[in-house]
Amino acid sequence: MASERITLTIPGPDGDRDVGLSSPNRVLWPELGITKRELAEYLIAVSGPFLEANGHRPVSLERFPEGVDGERFYSKNPPKGAPGFVETVTVTYNSGRRHPQIVLTEAAAVVWAAQMNTVVFHPWASLASEPDNPVELRIDLDPQPGTDFADAAAIAPALRDVLREAGLEAWVKTSGNRGIHVFCPIEPTHEFLDVRHAVIAAARELERRMPEKVTTSWWKEERGSRVFVDFNQANRDRTMAGAYSPRALAGATVSTPLAWEELAEADPAAHTIRSIPQRLADAGDPWAGFLDKPGRIDTLLEWWDRDVADGLGELNFPPDFPKMPGEPPRVQPSRINLENWPKEG
């Protein structure tokens with residue numbers, strides 16, 4: 001018997017498009033009974049701010065064919081049979097390999113992604129027009145065991161102050177889980193490694209000011225009960241859940257842009273697929289115009305150079321990256337035998 005299928009008509013820049021949705025009653029979030037159709041309708045409802053934040057960028061799709069409790073996999077390259085309105089851009093990965101990656105430019109393409117059982121959208125920090133140079137500086141405040149969202153929320157304003165001192169304006173959103181994402185719009189004048197160094201410089205400055213609450217230690221054994229400033233999210237092909245992206249969590253939470261004055265009292269669990277459309281209708285999008293006034297990372301790079309001159313150099317990259325110049329040993333500090341390790345690392 002043929003599977004159930006409906007057609008959604010979606011307005012777009014080139015007129016209406018019909019997008020088929022198979023198995024619309026498939027439950028993706030079992031605890032709440034949220035179906036594939038409800039996901040698609042949510043994405044249509046938020047498509048304006050969603051595309052402003054995530055559109056026209058290379059994007060990875062985190063797909064859940066059997067719902068959020070089942071197996072997941074990532075799609076970076078467009079699958080066979082993708083409609084013509086799903087665009088692509090050729091990007092360079094850390095290995096040096098080049099390949100087309102999906103780009104979403106209109107609401108119909110976002111709903112097509114839902115048809116492909118996409119739950120979480122992971123956009124790059126760069127635009128498809130210039131994929132090697134980020135337009136966003138991204139910082140992930142990641143609570144460690146013994147800390148929670150409230151701890152990250154208490155730290156984020158201090159990070160905002162650091163970034164303002166460097167000439168950047170920060171915007172904030174929930175991760176949809178325990179963490180907080182702080183983004184700054186930047187001019188696309190530097191490639192990913194430079195932006196990573198700018199993030200490290202800001203993170204180190206924040207750590208100096210709040211050493212009991214903040215850590216830049218890559219190794220978990222050194223972090224303690226502090227909030228980790230995850231500088232590696234600034235790398236090429238490293239992504240976070242985009243603004244207004246659902247999360248694959250039981251409560252169907254959404255990575256939600258906030259006004260700074262909301263942060264102290266924010267409850268990430270309250271921002272869900274079912275609540276965000278009304279929130280937008282009532283209060284609008286706190287991230288509207290995000291890219292209108294980009295800053296520059298020159299001051300942060302001056303801080304980076306200062307720290308390098310003071311003996312603070314490169315930090316660890318993720319294990320799937322090639323070994324990078326100046327990188328510390330990729331060994332847990334407690335396991336390093338200094339007698340057998342070259343002084344130059």
Side-chain angles (χ1 to χ4, degrees), residues 52-53 123-127 133-143 147 149-175 179-217 226-235 238-243 255-264 266 285-308 310 312 314-315:
E52 184 174 353
W124 280 35
S126 56
L127 297 177
N133 287 16
V135 295
E136 297 163 359
L137 179 146
R138 298 174 169 183
I139 299 178
D140 181 13
L141 297 178
D142 184 9
T147 63
F149 179 88
D151 295 290
I155 288 164
L159 175 59
R160 184 191 192 190
D161 291 341
V162 168
L163 293 166
R164 276 185 165 171
E165 290 174 27
L168 297 173
E169 191 57 44
W171 305 59
V172 67
K173 68 183 179 76
T174 71
S175 70
I180 289 175
H181 298 163
V182 177
F183 284 21
C184 297
I186 59 173
E187 296 180 6
T189 53
H190 291 78
E191 54 94 20
F192 279 91
L193 185 60
D194 289 334
V195 176
R196 166 194 163 88
H197 289 162
V199 168
I200 291 173
R204 281 173 166 157
E205 184 60 30
L206 181 65
E207 186 178 31
R208 290 186 190 102
R209 299 180 187 189
M210 309 180 78
E212 301 302 316
K213 296 181 178 181
V214 173
T215 180
T216 59
S217 296
R226 293 178 286 179
V227 173
F228 172 50
V229 185
D230 190 353
F231 49 86
N232 270 326
Q233 295 291 2
N235 290 329
R238 273 298 185 275
T239 57
M240 309 178 193
S255 183
T256 304
L258 302 174
W260 278 99
E261 55 268 24
E262 295 181 276
L263 181 59
D285 176 19
W287 276 28
F290 171 80
L291 290 180
D292 288 352
K293 295 180 179 179
R296 295 184 60 86
I297 63 171
D298 304 66
T299 298
L300 288 178
L301 292 179
E302 290 174 4
W303 294 2
W304 165 262
D305 290 338
R306 175 202 65 195
D307 288 346
V308 170
D310 290 342
L312 297 174
E314 190 60 87
L315 295 177

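Side chains included, hydrogens not; waters and symmetry mates left out as well; all remaining heavy atoms used.
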Per side-chain contact (heavy atoms from CB on, under 4.5 Å), Arg196 is matched among His190, Gln233, Glu191, Glu314 by Glu314
Go through the steps to decide whether Asp230 and Met240 satisfy the test side chain to side chain contact (heavy atoms under 4.5 Å, CB included), and finish with yes or no.
CA-CA 11 Å; Asp230 190 353; Met240 309 178 193; over 6 Å; no
Just wondering, do Asp151 and Lys213 contact through their side chains at under 4.5 Å, heavy atoms?
no
Testing the basics here: between Ala202 and Leu300, what is the closest heavy-atom pair and its distance to 0.1 Å?
CB-CD2, 4.0 Å
Taking every heavy atom of Leu263 against every heavy atom of Ala153, the minimum-distance pair comes out as CD2-O, 3.8 Å
Quick check against the 3.5 Å criterion: does Trp124 have a side-chain atom that pairs as donor or acceptor with the backbone of Arg238?
no
Salt bridge or not for Glu205 and Arg208, using N-O below 4.0 Å?
yes
Closest approach of Pro188 and Asn133, non-hydrogen atoms and distance?
O-ND2, 3.1 Å
Test item: Thr174 side-chain N/O and Thr256 main-chain N/O as donor-acceptor pair under 3.5 Å:
yes
So, does Trp287 use its side chain to make a donor-acceptor pair with the main chain of Glu52 at under 3.5 Å?
no
Check whether any side-chain heavy atom of Leu206 lies under 4.5 Å from a side-chain heavy atom of Ile139, and answer yes or no.
no
Gap between atom CD1 of Ile186 and atom CG of Leu168 - 0.5 Å precision
7.5 Å
With distance as the sole test, does Arg138 use its side chain to make a donor-acceptor pair with the main-chain N or O of His181 at under 3.5 Å?
no
If you measure from CZ on Arg209 to CG on Leu159, what distance do you get to the nearest 0.5 Å?
10.0 Å
As an exercise, state the distance from OG1 of Thr147 to CD1 of Ile155, rounded to the nearest 0.5 Å.
7.5 Å
Taking atom CH2 of Trp171 and atom CG of Leu291, what is their separation to the nearest 0.5 Å?
8.5 Å
Rounded to the nearest 0.5 angstrom, the CG-CD1 distance for Leu163 and Ile297 is 12.0 Å
So Pro134 and Phe192, do their side chains get closer than 4.5 Å, heavy atoms only?
yes
Do you know the tightest heavy-atom contact between Glu165 and Thr299?
O-CG2, 4.4 Å
Should Glu136 and Lys173 count as an ion pair when the cut-off is N to O under 4.0 Å?
no
Does any part of the side chain of Val229, heavy atoms only, come nearer than 4.5 Å to the side chain of Val214, both counted from C-beta?
yes
Supply the atom-to-atom distance Thr216 OG1 to Phe231 CZ, rounded to the nearest 0.5 angstrom.
6.5 Å
Least distance between heavy atoms, Ala170 atom then Cys184 atom:
CA-SG, 3.8 Å
Considering non-hydrogen atoms only, spot the tightest contact between Pro257 and Pro286 and give its length.
O-CG, 3.6 Å
